[in-house]
Each structure stands twice: as structure tokens, then as C-alpha cells.
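Following: one structure in C-alpha cells, then a few remarks.
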Amino acid sequence: MKPIQVGLLGIGTVGSGTFNVLTRNQEEIRRRAGRGIEITMVADLNVERAREIVGDQARVVADAREIIANPEIDIVIELIGGYGIARALVLEAINAGKHVVTANKALLAVHGTEIFAAASARGVMVAFEAAVAGGIPIIKALREGLTANQVQWVAGIINGTTNFILSEMRDKGLDFDVVLKEAQRLGYAEADPTFDIEGVDAAHKATLMSALAFGIPVQFDKAHVEGITKLSAVDIRYAEQLGYRIKLLGIAKRRDDVGGIELRVHPTLVPAKRLIANVEGAMNAVMVQGDAVGTTLYYGKGAGSEPTASAVIADLVDITRLHTADPDHRVPHLAFQAGELRDTPVLPIDQVRTAFYLRLRVADQKGVLSAITSILAASDISIDAVLQRESNDGENQTDVIILTHETAEGAMRAALAQMQALPTVLAPIVSLRKEELA
Ligand code: HSE
């Protein structure tokens, strides 16, 4: 059978990895897919550089629309990124009857509903394994491997840049700003790292996982997003003393008690003994808890040329295998059949329930602790552990660290406002959420 013909839009880091792996493993991939897969056209604004990568094996053009208009092309890979031109080209490719493979989490988290509907209407597939956690096959795990389960929650380290920064802050006791500069110097963080450090990239990925886990539409606008920019080394140290590590987690959790879904990204205390707490550097890991399977963990590289190419090519093989299948009986884009998505709401942050770590800078005088604990008790917030550092000579002030049991975010915010108003609380209170992940 004639090889399936692929057009590649954008041949940067992931695109060149895709081209190289597909060429290197061509024979094995053909044996797996049942048919050869060839990138026969590449579109990139930098035509010269693209030609250097592909040699005479593929035709290079500057205009992506030449690929979309070519009737020989079966699959379009979109590796341009962003919401602008990428959205237009993906929709045009779908309307031209091409299957689409994309690594673009931002595009799908924000415009996924429109894109998947267009693909279903046209009878083509949109595959996006590379959009979440790079080389880790988490989309396939959620959509296929765990399909028997009612997923209870998904929690992941899904941004390598921030995990690298947090690991360095812990190892070296350095503050965020210092480590960010070092990460940029070493190439672990982008020159403009905003999407990574503010938690936006992780929220795009968590949004996609929430849809696959719970059969709801992709709704990035409902996600609660906090990054790591305000995190200080001292809280990482106190957390360590209490047996916890701080990780930026993307969490999607079923809340049957209120008929909703929690969808949130924020720095989180995780027990140090959990495997996920020991995922260091730029690595990614995702935990999924299902009612039948229990807790599962997926670990690997979340970025990089060939790890991400591994996911892109897995999608090419899937599409090649399914190309001839009846469109109504393919694996659905979001794991649940398109007409079966629920309108279960993503809960407002006030209704989210977590335990908390609090750090209060207080005057070292009698009655301070009891005033704080009284406010927590009156707010129905139960204390799990308290740590008080001895004040340094002549300092007359100290840190009180409190771990609470699980409570509603709204109750905690009200209690925090009351505690902050105490004259003996001398600085803004630091509050971080804590998850046992058991
Ligand atoms: N910038 C992302 C990260 C990789 O640091 O993990 C691509 O999503």
C-alpha cells in the first residue's frame, strides 16, 4: 500500500525531532502501522533551515496553505504553536479533509470545542498526545488504558520549567528570582517564561486532562491558575521539616458531593514519601486515580525534541491504523463520545477543598498562638500540625507554621482575613495548599 503522506507545519525543535525519528525508525514504524508514513512536505518561514534538515526527502514551502491544498496529503502536523495562525490552519486542514496531529495545548485548551466539533463534522481525527506531558503517553492512558474507570482525580507535574526551578530552589536554598535567571542561562526556561512560571502552560494541560478524565468540554477559562513566582525558599524549607515537598501540580478532581469538578494549578505540598514528590528537574509525572485501577503513575520527559516527537509519531501511527475505520467507531477525541459530554460544572475556587500550610510572622508574646487557633476553630478549620521556630536573640518575632486538615477554600480565605487583621501578625500570611494524593 502507498505510504501515508504527511505535511508538517513548522520544523523547529519538535518538528525536526519528528522528521529525524520518523526517518531513523521508518521500517519499524511501518511494521507497526501496517503502512509506511512519510513526511513529504514541510512548511516553514525559514525555508533554508528547513531544507538543511530534510534534504531532498521532502518538499519545503514557505506557505502552509500549499500543504493544506495538496490532495496527496493525508495528515497535517501542526507544530506552529499559539492561538492565532495555528487555529486558522488547523480549521482549514480539517475542512480540507485532513487528519490533524498537534502538540498545541494552548490552542486545544482554549478552542478545543470548536476544533473537535469541526473534526467530527468532517469525519477526520485530531490527535494531541504531544500536547500534554511531552513523551508520556498520558492521553492514551486516559482515553484507552483507563477507560473502564470512573476517574477520581488526576494530579500532575506537567511543566518541566517550573519543576526544574522548584528542584533547584530546594537543593540550593535559593529564591525564585535567582533560580529563574540561572534556568534561563542554562536554556531550561524561555526568554519569556510567563506561561510556564505563571502556571498557564500547566493549566492548558490540566484542562485537556480534565476533559478526558470526566467527559466534560475543554474549559480553560474555568481553571484556577497560580504559578510559582511568589514562592519563597523559606516555605520550601519549612515544608521539608514537616515531611513535604512543594510541587506545581495541575489537578482535576471529581467532587460527587457537590456535583462538580475541581480544576486548578497551584504550588502544592505533597508528602515527601510519594513517588511524585521525588520527580526532580525538568521531568514530568502524572498520577491518575481510578475507582477500579487505584492509583497509577506515569513518568518521563515532558518536553524536548525527540521525547515530544515520540508522542507526535504515536499519533501518526494511530491515525494511519484508524484511517480506514468507520468514523463513528473510532476512539473519540475526548475519550467520551462527542454527544455524551456532560455539563458537570467546574467548581469556583471557593468550593475547592484542600488542606493548607500557613506561615505567619508573629510577635513572640503570649496569647498569639491562641488567638490564631481560636479563629481557625471558630471557622471550623481543624489543625493537623504546628511548628514554631524559636525567635532569634533580640528578635521578638518568629514564624508559626500551621498545617490544617482539609477545608473549603472559602472558609480558609475568610479565616485568613481575620488572622491577618490581628495586630500580632506582622507580615502577609503565606498560604499554600496541601494534597495527600493517596
Ligand atoms: N514549556 C513546557 C515545560 C514544555 O516547561 O514543560 C512544553 O509544554
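Each ligand, and each atom within it, is numbered from 1 in the order the structure gives. Bear in mind the structure is a predicted one, so any value in this text is a computation, not a measurement. When a residue number appears, it is its place in the shown sequence, counting from 1.
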Worksheet entry | Shortest protein heavy-atom distance from atom 5 (O) of ligand 1, along with the residue and atom involved | Thr161 OG1, 2.5 Å
Worksheet item: Tell me, which protein residue and heavy-atom name are nearest atom 4 (C) of ligand 1, and how many Å apart are they?
Response: Ala303 CB, 3.8 Å
Practice prompt. Identify which of His204, Glu190, Lys105, Met283 has a heavy atom lying nearest to atom 7 (C) of ligand 1.
Written response: Lys105
Worksheet item: Does a sphere of radius 6.0 Å around NZ in Lys2 hold more than 12 heavy atoms from other residues, nucleotides or ligands, not counting ones at 6.0 Å or beyond?
Response: yes
Worksheet item: How close does the nearest protein non-hydrogen atom get to atom 1 (N) of ligand 1, and which residue and atom is it?
Response: Asp196 OD1, 3.0 Å
Discussion item. Heavy-atom pairs closer than 4.0 Å: do any link ligand 1 to the side chain of Asp201, the backbone, both, or neither?
Written reply: side chain
Worksheet item: Do you know which of Glu409, Glu435, Glu406 makes salt bridge (Lys or Arg N to Asp or Glu O under 4.0 Å) with Arg353?
Response: Glu406
Worksheet entry | Identified side-chain contact (heavy atoms from CB on, under 4.5 Å) partner of Ile94 from the options Arg122, His99, Met125 | Arg122
Worksheet item: Nearest protein heavy-atom contact for atom 6 (O) of ligand 1: which residue, which atom, what distance?
Response: Gly160 N, 2.6 Å
Worksheet item: Is Glu27 salt-bridged to Arg31, cutoff N-O under 4.0 Å?
Response: no
Discussion item. Lys205 versus ligand 1: do any nitrogen or oxygen atoms come within less than 3.5 Å of each other?
Written reply: yes
Item to complete: Run the salt-bridge test on Glu182 and Arg185 with the 4.0 Å N-O cut-off and return the result as yes or no.
Response: yes
Discussion item. Between Thr23 and Asn20, do the side chains contain a donor N or O and an acceptor N or O under 3.5 Å apart?
Written reply: no
